[in-house]
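What follows is a single structure, written as structure tokens, with notes after it.
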Amino acid sequence: MMSHKGGGAGDRFERPVRSRLRNQLQGVARLGAELTRARFLICFATITILSALLLMPLPRRGAAVATYNAAHPDAVAVSFASPNSLLRDVPLPAQPGSPTLPHWVSQSLRLSYSLVLGVVLLVALMTGFVAAYLRQFDPALYAAESRLILLALLVALCVFGLKIGAMLLGINLTALQFGFISLLCITAVAMLITVLLEPYVALVVAALLSLLSTLILGNELRYCLMTYVASLVAVLSVSAVRTRTDMLRAGCTMALANVVLTFLLGQVTADSWATIGVGTLWGAVAGLLSVALVSIGVALFEKPFGLTTHLGLLELIDPNRPLLLEFSRACPGTYAHSVSVGNLASAAAEAIGADALLCRVSAYYHDIGKIRRPEFFVENQTGVNIHERLDPSLSALVVVAHVKEGVEIAEKAKLPPAVRDIILQHHGTSLIRYFYHRAAGGCATGTEAEALEDHYRYPGPKPSTLEAAIMMLADSVEAASHVLYRPTPQRIDELVRKVIEDKQADGQFDDAPITLHDLATIRTTFVRVLSGMLHSRVEYPDMLIKVNGGIAPQPVEVLLENPGAIAVEPSNVPKVRSTRVRSPKNKLPRNAGKLLNDEPSATSGNGDGQPREPLYVTALSSDAASPAASAPGDRPYC
């Protein structure tokens, strides 16, 4: 019995050891899996390329040095490195009878092993730090191999510019001038990373590159300080770029910042006024050139790497683009709906801190798939409803297909991936209510109703971003507002609330990072914008016609659906949005009389010899019978 207890105690002691061993083995396995992934290969390639760029002599200089050393074996060979610099011209000793070398001959093909090891370890340390930082604070960027490749490419281009800047200009640069070459390269790369990737990644990379440039420039710490502060200004100046004017403003800001930094650091280091003057000139030119390089870099890297920038989005909302022109001509109703959705979505996105420009652009293209069969959608129909002759299931298939076809058109037009994702997700897995109720007929219950609902739902996926969720709400609310009877701010608020609650209860926001506070802000914004969009108009005198001895606003289609309408005094009648109700037949009711042929008369008798007050016609209908009350969600087949 005692031995059994002892065995149990030993087992209790051994269990944590086995658990720790298991965790260590799992950690080793995860590390092994990490080493086999593409992002590790990207980091390894980055270390190799950067080290080679830093250590490899320039071809022109290396060839000249090799030729000189071979021709003059008795002369002191030109050395590549000095004790304090990776790139510094070493003065040539005066040798009798030796020819004078050009100024760009300063490097040798011979490198010390300690220098190679030091550079490789330094680059590996910096690359590993950036990888660990991204893995911890931006897993999405760390998991996207294409974006990691772009980041490595930009850093390599920066180091390449640092390496051969002097050779490309073909002049003998001083340390001050080369310091501004490094400032130009690093700030340009910081701005490119800000525009193409993320601002905080740009700050980290700029800090490391500033340290590296200090090493290259012979431990000149003031260039490190100047470069990093200029990079901070660069990131701030381009973080909200929308137009070419913003780019010009960013260039002027960079030039001014470089001039100020040069003057202040020149005073601190007691430089001469001549040196400060030359430095301010170089700083201004470097600031303007860095922004020019950013414009070129965005154009080169945006589409190949599938990125979405504000500069690229601005080009997509031009109404003269061929795709939008074709869209507006083939689907005028859908195009107008898309513009209204863009106004709603951008206002809501700006209110909650989302990308308003992305929402507006996505709204313009979210229903682009309807361009293939515009007559199947209610906003483009001017005559007979084609769905009255189709089975509800077939109608639902046609309506659902516009999402997939929209993605195909977007891919063919090379729209950004973010826009294509919103086109795919803006309906989520919502129920197509109109055709579902036509098919169910109010008889489906329980399992039968669930199976029928699955058949009449969009295939998804659900919105996965804040912008996609805003687009779903804006699309549904704008569509539902067109069947809202006599819109007032109170009724609009009730409509918006109902739409948001329906989407939320249906689980459409399960995958989106949207909060209840965001939904409340979106609701308030939608009500404000819709109240302005659905404002009432004053009836003009020449738009009035007689109805049963009174005067009514023209047209009077509201009477066609309500033959029992009566004429009442203007003070008791609210404004009637008669354009919201359309007649299935192009004729007036019998009791309307000769409406269009009678002229309004201001002297029609009312029994006491006084002129008759204008009378307005309204329909006696309750709110419960209004289309908004019966279908507060999507339009029947939008």
Is there a side-chain contact between I149 and F305 in this structure, where contact means two heavy atoms from C-beta onward sitting under 4.5 Å apart?
yes
Closest heavy-atom contact between A255 and A284?
CB-O, 3.6 Å
For side-chain contact (heavy atoms from CB on, under 4.5 Å), just list the numbers for S231 and I186, CA-CA rounded to whole Å, side-chain angles, deciding distance to a tenth of an Å, and then say yes or no.
CA-CA 7 Å; S231 299; I186 295 174; 3.7 Å; yes
Angle between ring planes, F435 versus H387, binned at 30° and 60°: parallel, tilted or perpendicular?
tilted
Between the main-chain N or O of L473 and the side-chain N or O of S476, is there a donor-acceptor pair closer than 3.5 Å?
no
With distance as the sole criterion, is a donor-acceptor pair present between the side chains of T334 and N380 under 3.5 Å?
yes
Under a 4.0 Å threshold between the charged nitrogen and the carboxylate oxygen, would E494 count as salt-bridged to K498?
no
Within the structure provided, determine whether K404 and V407 are in side-chain contact (heavy-atom separation under 4.5 Å).
no
NZ-CG distance between K412 and L323, expressed to the nearest 0.5 angstrom
10.0 Å
How about CD on E302, more than 12 heavy atoms from neighbouring residues, nucleotides or ligands closer than 6.0 Å, or not?
yes
Under the criterion side chain to side chain contact (heavy atoms under 4.5 Å, CB included), which of L519, L466, T525 is the partner of I352?
L466
Please examine the side chains of L150 and L307, heavy atoms only from C-beta on, and report whether any two atoms are closer than 4.5 Å.
yes
Check whether any side-chain heavy atom of L390 lies under 4.5 Å from a side-chain heavy atom of F376, and answer yes or no.
yes
With side chain to side chain contact (heavy atoms under 4.5 Å, CB included) as the test, pick out the partner of H427 among V400, I432, V403.
V403
Step by step, work out the ring pair (Phe, Tyr, Trp, His ring centres under 6.0 Å) result for H402 and H366.
CA-CA 10 Å; H402 88 273; H366 78 284; 8.1 Å; no
For a quick test of reading the model, state the closest non-hydrogen atom pair linking A257 to V233 and the distance between them.
CB-CG1, 3.9 Å
Are side-chain heavy atoms of L153 and F301 found at a separation under 4.5 Å?
yes
Salt-bridge criterion met for R420 and E408 (N-O under 4.0 Å):
no
If you measure only the distance, is there a donor-acceptor pair under 3.5 Å linking the side chains of D138 and Y133?
no
What I want to check is whether the side chains of D246 and H310 have a donor and an acceptor closer together than 3.5 Å.
no
Under 3.5 Å, side chain of D511 to main-chain N/O of S464, donor-acceptor pair present?
no
Can T521 and D518 be counted as having a side-chain donor-acceptor contact under 3.5 angstrom?
no
Separation between OG (S395) and CD (E388), nearest 0.5 Å, reads 10.0 Å
Salt bridge check, K370 against E405: does any charged N sit closer than 4.0 Å to a carboxylate O?
no
Are the side chain of E478 and the backbone of S340 linked by a donor-acceptor contact shorter than 3.5 Å?
no
